[in-house]
Amino acid sequence: MVFRILLLAVLAFLALALPGFAQTDLPLGKGLPVEVQVGIAFVDISGFDENEGTFTATVDIRACWDDLRLVNPSASPGAPPTTMVGEAAAEKMKSIWVPPLLVVNQHGEPSRSDYGLRIYPSGRVEMMHRVTGSFSLDLDLSKFPFDRQKLLVTVKVKDYPITQVALRITQADIEFSRASQDIDIQDWSIGLVDMRSEAAKGWYNVSESQIVAALDIKRRPGLIVASIFIPLIASLFIPLLAIWLNRTEDGVFQVDTFELVNIIIGGLFAVIALNFTVYSSFIALSVGDNTVNRLFALNYLALAAALVVNIVFSRFNAVEALFGRYVQEQTYCVLMWMIPLIVALLVATFLLSAYA
């Protein structure tokens, strides 16, 4: 035991006194795996592009671990750590072991990358990495415009299997991992940061340790409802009007078919124009199942139903030819109320399923 303490003291003296004496191999003083506690804080978010599936942010990645080779036995109890920032920290990190952390979902090169380093007399090391850049994410728009999104920062340790270096989350890391109160994203409410640890696949099917920080944000739907959903729902009245406007007297339709078909064709062009406008502004909505795509599909189906009803009943009197004028009149009356009721129920179902 005495020999071990003396050896650690000599190694610590060499590490502090001789800058060229590097100790960059894995610290095995506490056995394997080497545990690295990681916390991720969101300092600022300057951009969020839904169409590109990226957000621009400044995040602080804090990593803490123990390296007994850096113990300073001559330090007095409660002595402050040795603190280095910027170039000094980067230079010191060349001579000690630091976990090779990789931001997995970073999009392109960072615009800023600074380091800070604290080495405590006990051998405790704290590395702070402040990085500004663009990060990719997978959007889930199935509940649009009442959706919540997760702004992810995924950090893993590369070149070491999970049996050698393991990333951990402690209570102190959870308290550190938060969003700054100054963060503001237009049309979004900022929530909490969720931290989780998981295994990632490395080379040759070897698992590597990984930490995911997810900042929860919730959309404010007011502007979206006014600009997209009100026009979408209003356009549903066009095919319904094409059915309601016709009337019968003694089973004979009073409005010519071509007049109602013109209304339907005008409605078709209106929906196509709205479709183009919405997808030009919200490209991400054009892919996948979401409320907007469902309402557009319902618009096209309603237009098709109105066209079929007017042609079959008013133009060709097909029901009258098969079952008589009275049956045609009553069937048309049923459709006048049944189709709007079905459309209203489907709209309510789409909106409630997105809100739930």
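Positions are given from 1 along the sequence. Owing to the predicted nature of the structure, the values given are computational and were not obtained by experimental measurement.
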Decide yes or no for [X] and [Y]: does some side-chain heavy atom of the first lie under 4.5 Å from some side-chain heavy atom of the second?
X	Y	value
Val103	Val59	no
Val292	Phe282	no
Asp66	Arg124	yes
Met93	Leu117	yes
Gln171	Ile174	yes
Asn299	Leu232	yes
Ser197	Ile211	yes
Ile185	Ile190	yes

Rounded to the nearest 0.5 Å, what's the gap from [atom1] on [X] to [atom2] on [Y]? Could you check?
X	Y	atom1	atom2	result
Ile217	Gln149	CD1	CD	6.5 Å
Ile169	Ser177	CD1	OG	7.5 Å
Leu139	Asp147	CG	CG	8.5 Å
Thr331	Tyr326	OG1	OH	10.0 Å
Lys150	Asp216	NZ	CG	4.0 Å
Phe42	Ile183	CZ	CD1	7.5 Å

Partner residues of Glu35 under the salt bridge (Lys or Arg N to Asp or Glu O under 4.0 Å) criterion, sequence neighbours left out: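 By the salt bridge (Lys or Arg N to Asp or Glu O under 4.0 Å) rule, Glu35 matches Arg168.
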Establish whether [X] and [Y] are linked, either directly or via other cluster members, by ILVMFWY side-chain heavy-atom contacts under 4.5 Å.
X	Y	result
Val157	Leu102	no
Tyr120	Ile96	no
Leu268	Leu298	yes
Leu236	Leu346	yes
Val261	Ile272	yes

Phe176: hydrophobic cluster co-members (side-chain, 4.5 Å):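 Reading the cluster by chain and number, Phe176 sits alongside Met128.
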Using a 4.5 Å cut-off between side-chain heavy atoms of Ile, Leu, Val, Met, Phe, Trp and Tyr, which other residues end up in the same hydrophobic cluster as Phe276?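 Its cluster mates, by chain and number: none.
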So, does [X] use its side chain to make a donor-acceptor pair with the main chain of [Y] at under 3.5 Å?
X	Y	value
Thr56	Gly47	no
Asp44	Thr58	no
Asn290	Leu285	yes
Lys143	Arg148	no
Ser142	Asp289	no
Asp159	Pro100	no
Tyr160	Ser209	no
Gln164	Val34	no
Ser111	Thr132	yes

Residue pair [X] / [Y]: nearest heavy atoms and the distance that separates them:
X	Y	value
Ile45	Ala57	CG1-CB, 4.0 Å
Gly288	Asn293	O-ND2, 2.7 Å
Asn51	Ser281	ND2-O, 3.2 Å
Leu101	Ala63	CD1-CB, 3.9 Å
Val155	Ile40	CG2-CD1, 3.7 Å
Thr291	Ala354	OG1-CB, 3.4 Å

Provide the full list of salt bridge (Lys or Arg N to Asp or Glu O under 4.0 Å) pairs with a residue in [range], sequence neighbours left out, each pair given once.
range	answer
residues 189-202	Arg196-Glu198
residues 325-346	Glu320-Arg325
residues 251-264	none
residues 176-190	none

Go through the structure and list residues passing ring-ring contact (aromatic ring centres under 6.0 Å, His included) with Phe146, not counting sequence neighbours.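 Counting only residues at least two positions away or on another chain, Phe146 forms a ring-ring contact (aromatic ring centres under 6.0 Å, His included) with Tyr355.
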Assess the residue pair Thr154 and Lys156 against the criterion (side-chain contact (heavy atoms from CB on, under 4.5 Å)); give the C-alpha distance rounded to whole Å, side-chain angles, the decisive distance to 0.1 Å, and a yes or no. CA-CA 7 Å; Thr154 304; Lys156 79 169 186 176; 5.7 Å; no
Name all residues meeting the side chain to side chain contact (heavy atoms under 4.5 Å, CB included) criterion together with Pro340; count only those two or more places apart in sequence or in a different chain, and write none if there are none.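 Testing Pro340 for side chain to side chain contact (heavy atoms under 4.5 Å, CB included), a comparison that skips the adjacent residues, returns Leu240, Trp244.
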Applying side chain to side chain contact (heavy atoms under 4.5 Å, CB included), can you list everything that pairs with Gln186, at least two apart in sequence or on another chain?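 For Gln186 there are no side chain to side chain contact (heavy atoms under 4.5 Å, CB included) partners, ignoring immediate neighbours.
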Within 6.0 angstrom of Leu192 CG, more than 12 heavy atoms from elsewhere: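 Incorrect, the count does not exceed 12.
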Go through the steps to decide whether Met84 and Ile119 satisfy the test side-chain contact (heavy atoms from CB on, under 4.5 Å), and finish with yes or no. CA-CA 9 Å; Met84 291 155 279; Ile119 301 178; 4.0 Å; yes
State whether Arg130 and Asp114 are salt-bridged, where the test is any N-O pair (Lys NZ or Arg NE/NH1/NH2 against Asp/Glu carboxylate O) under 4.0 Å.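 Between Asp114 and Arg130 there is no salt bridge, as every charged N stays at least 4.0 Å from the carboxylate O atoms.
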side-chain contact (heavy atoms from CB on, under 4.5 Å) assessment of Asp25 paired with Arg69: CA-CA 11 Å; Asp25 54 323; Arg69 296 170 299 185; 2.6 Å; yes
Name the atoms and distances for all side-chain donor-acceptor pairs under 3.5 Å in residues 307-316, with sequence neighbours left out.
from   : atom 1 : to     : atom 2 : distance (Å)
Asn310 : ND2    : Ala242 : O      : 3.3
Asn310 : ND2    : Ala306 : O      : 2.8
Ser314 : OG     : Thr257 : OG1    : 2.9

What verdict does the side-chain contact (heavy atoms from CB on, under 4.5 Å) test give for Leu141 and Arg219, after you've listed the backbone C-alpha separation in whole Å, the side-chain angles of each residue and the deciding distance to 0.1 Å? CA-CA 11 Å; Leu141 297 175; Arg219 191 190 302 272; 3.7 Å; yes
Do any pairs count as a ring-ring contact (aromatic ring centres under 6.0 Å, His included) and have a residue in residues 47-68, sequence neighbours left out, and if so which ones?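 Those involving residues 47-68 are Phe48-Trp188, Phe55-Phe135, Trp65-Trp97.
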